[in-house]
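Every chain is numbered from 1 and lettered A, B, ... according to where its sequence line falls, protein lines coming before strand lines.
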Amino acid sequence: MPELPEVEVVRRGLARWVAGRTVAAVEVTHPRAVRRHPGGDADFAARLRGRTLTGASRRGKYLWLPMAGPGGPGSQPDEAVLAHLGMSGQLLVRPPGSPDETHLRVRFAFTDDGPELRFVDQRTFGGLAVVDLVDGVPEPVAHIGRDPLDPDFDDEAWVAALRRRRTGLKRALLDQSLASGIGNIYADEALWQARLHWARATDTLPKPKARLVMDAARAVMVEALEAGGTSFDSLYVNVNGESGYFDRRLHVYGRTGEPCDRCGSLIVREAFMNRSSFRCPHCQPRPRQARW
DNA sequence: CGAGTACCCTGTTGGC
DNA sequence: TGCCAACAGGGTACTC
């Protein structure tokens with residue numbers, strides 16, 4: 001289940017393997033994969049044919065490949081192929097003729113007859129679309145906040161926005177309009193680092209504690225990124241089809257009943273937002289001021 | 001508009 | 001062994 005660091009690894013792979021190449025043909029083998037594309041699968045393919053992909057960008061977990069205008073490779077991108085990997089999506093670079101993956105959804109062939117780009121997605125929560133760029137950002141991504149790894153991310157603005165909310169801290173961490181790219185795993189790890197409970201009320205959270213949790217979220221992401229992108233199940237594979245590494249040490253996520261790395265208390269799992277939350281009952285006690 | 005919930009999807013896991 | 005419910009979960013659409 002790719003989170004931001006994994007998506008960044010995929011972006012880097014795409015920049016290396018796909019940027020500068022011209023699309024010869026697109027085959028959609030599962031229409032659900034392009035359900036966000038207004039014109040349907042035939043229109044999706046038609047809009048890509050002959051277009052040159054100029055790079056690879058990302059905000060949070062959204063990835064996009066800007067395309068040179070119909071005028072040719074030199075014209076300014078005004079559209080992009082937008083991708084979201086969902087829970088199980090992969091973007092693979094594969095030699096033409098290599099066997100189709102079981103869950104192959106979209107295939108891009110290029111005019112140089114080089115490696116294909118393949119979108120593979122078992123659970124089809126992810127998808128692709130051709131979208132307009134507005135100030136360089138896909139229109140469907142405009143409502144998503146910058147992510148903590150973005151150089152223009154404003155920590156103090158995030159702290160202020162967080163404290164204007166009247167909700168629980170984890171819910172706010174997962175709110176992609178405040179800050180994008182923080183998923184369930186990273187939220188739990190950041191809360192553990194900051195020694196805060198998922199239900200801590202946001203509106204009364206002291207600013208230094210708010211800064212602490214954002215610093216922790218960023219630190220966990222940077223650590224994962226430096227390790228080459230983490231992966232927590234076999235569904236995630238990077239752009240070249242190599243498995244991500246599996247040995248990164250998580251402190252709480254998925255560790256029910258195991259000892260806390262700080263204090264030895266046994267990690268507990270709780271249901272919240274129809275998801276699992278993991279915490280140390282000693283380091284992250286239930287706050288007096290709780291919301292969820 | 002802010003807050004909170006249901007749903008989408010399918011392969012895997014675990015209880016009985 | 002087989003069956004079925006629970007689970008994984010980001011984003012959207014929806015209600016209140």
Starting at atom [atom1] of [X], determine the distance to atom [atom2] of [N], rounded to an integer number of angstrom.
X	N	atom1	atom2	result
A:Leu169	B:dG4	CG	P	13 Å
A:Asp121	B:dC8	CG	P	17 Å
A:Met273	C:dC7	CE	C1'	17 Å
A:Arg164	B:dA3	CZ	P	11 Å
A:Ile185	C:dC7	CD1	C1'	14 Å
A:Leu128	C:dG11	CG	C1'	16 Å
A:Leu178	B:dA3	CG	C1'	12 Å
A:Lys170	B:dG4	NZ	C1'	16 Å

Using the 3.5 Å cut-off, write out each protein N or O paired with an N or O of nucleotides 9-16 of chain B and the distance between them.
from: B:dC9; atom 1: OP1; to: A:Arg32; atom 2: NH1; distance (Å): 3.1
from: B:dG11; atom 1: O4'; to: A:Gln122; atom 2: OE1; distance (Å): 3.2

N/O (side chain, [X]) to phosphate O (OP1/OP2, [N]) under 4.0 Å:
X	N	answer
A:His143	C:dT12	yes
A:Ser276	C:dA8	yes
A:Arg171	B:dT5	yes

What's [X] touching, base or sugar-phosphate or nothing? Going by heavy atoms closer than 4.0 Å.
X	answer
A:Arg269	sugar-phosphate
A:Phe272	nothing
A:Arg36	sugar-phosphate

Is there side-chain contact between A:Asp113 and A:Pro96, with at least one heavy-atom pair below 4.5 Å?
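Side-chain contact under 4.5 Å: no.
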Relative to A:Phe110, does A:Arg21 satisfy both conditions: NZ or CZ under 6.0 angstrom from the six-membered ring centre, and within 45 degrees of the ring's axis?
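Yes.
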Is the Lys NZ or Arg CZ of A:Arg59 less than 6.0 Å from the centre of A:Trp64's six-membered ring, within 45° of the axis?
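Verdict for A:Trp64: no cation-pi partner in A:Arg59.
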Give me the ring orientation class for A:Phe108 and A:Phe44: parallel if the planes are under 30° apart, tilted from 30 to 60°, perpendicular past 60°.
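Judged by the thresholds at 30° and 60°, the geometry between A:Phe108 and A:Phe44 is perpendicular.
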Under 4.0 Å between a Lys/Arg side-chain N and an Asp/Glu carboxylate O for A:Glu101 and A:Arg94?
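Here A:Glu101 pairs with A:Arg94 in a salt bridge, since their nearest N and O are under 4.0 Å apart.
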Let's go through A:Arg163 and A:Asp203 carefully: what are the C-alpha distance in whole Å and the side-chain angles of both, what is the deciding distance for salt bridge (Lys or Arg N to Asp or Glu O under 4.0 Å) to 0.1 Å, and is it a yes or a no?
CA-CA 4 Å; A:Arg163 297 173 82 250; A:Asp203 49 334; over 6 Å; no
Is A:Val93 linked to A:Leu63 within one hydrophobic cluster, defined over Ile, Leu, Val, Met, Phe, Trp and Tyr using a side-chain heavy-atom separation of less than 4.5 Å?
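Yes, same cluster.
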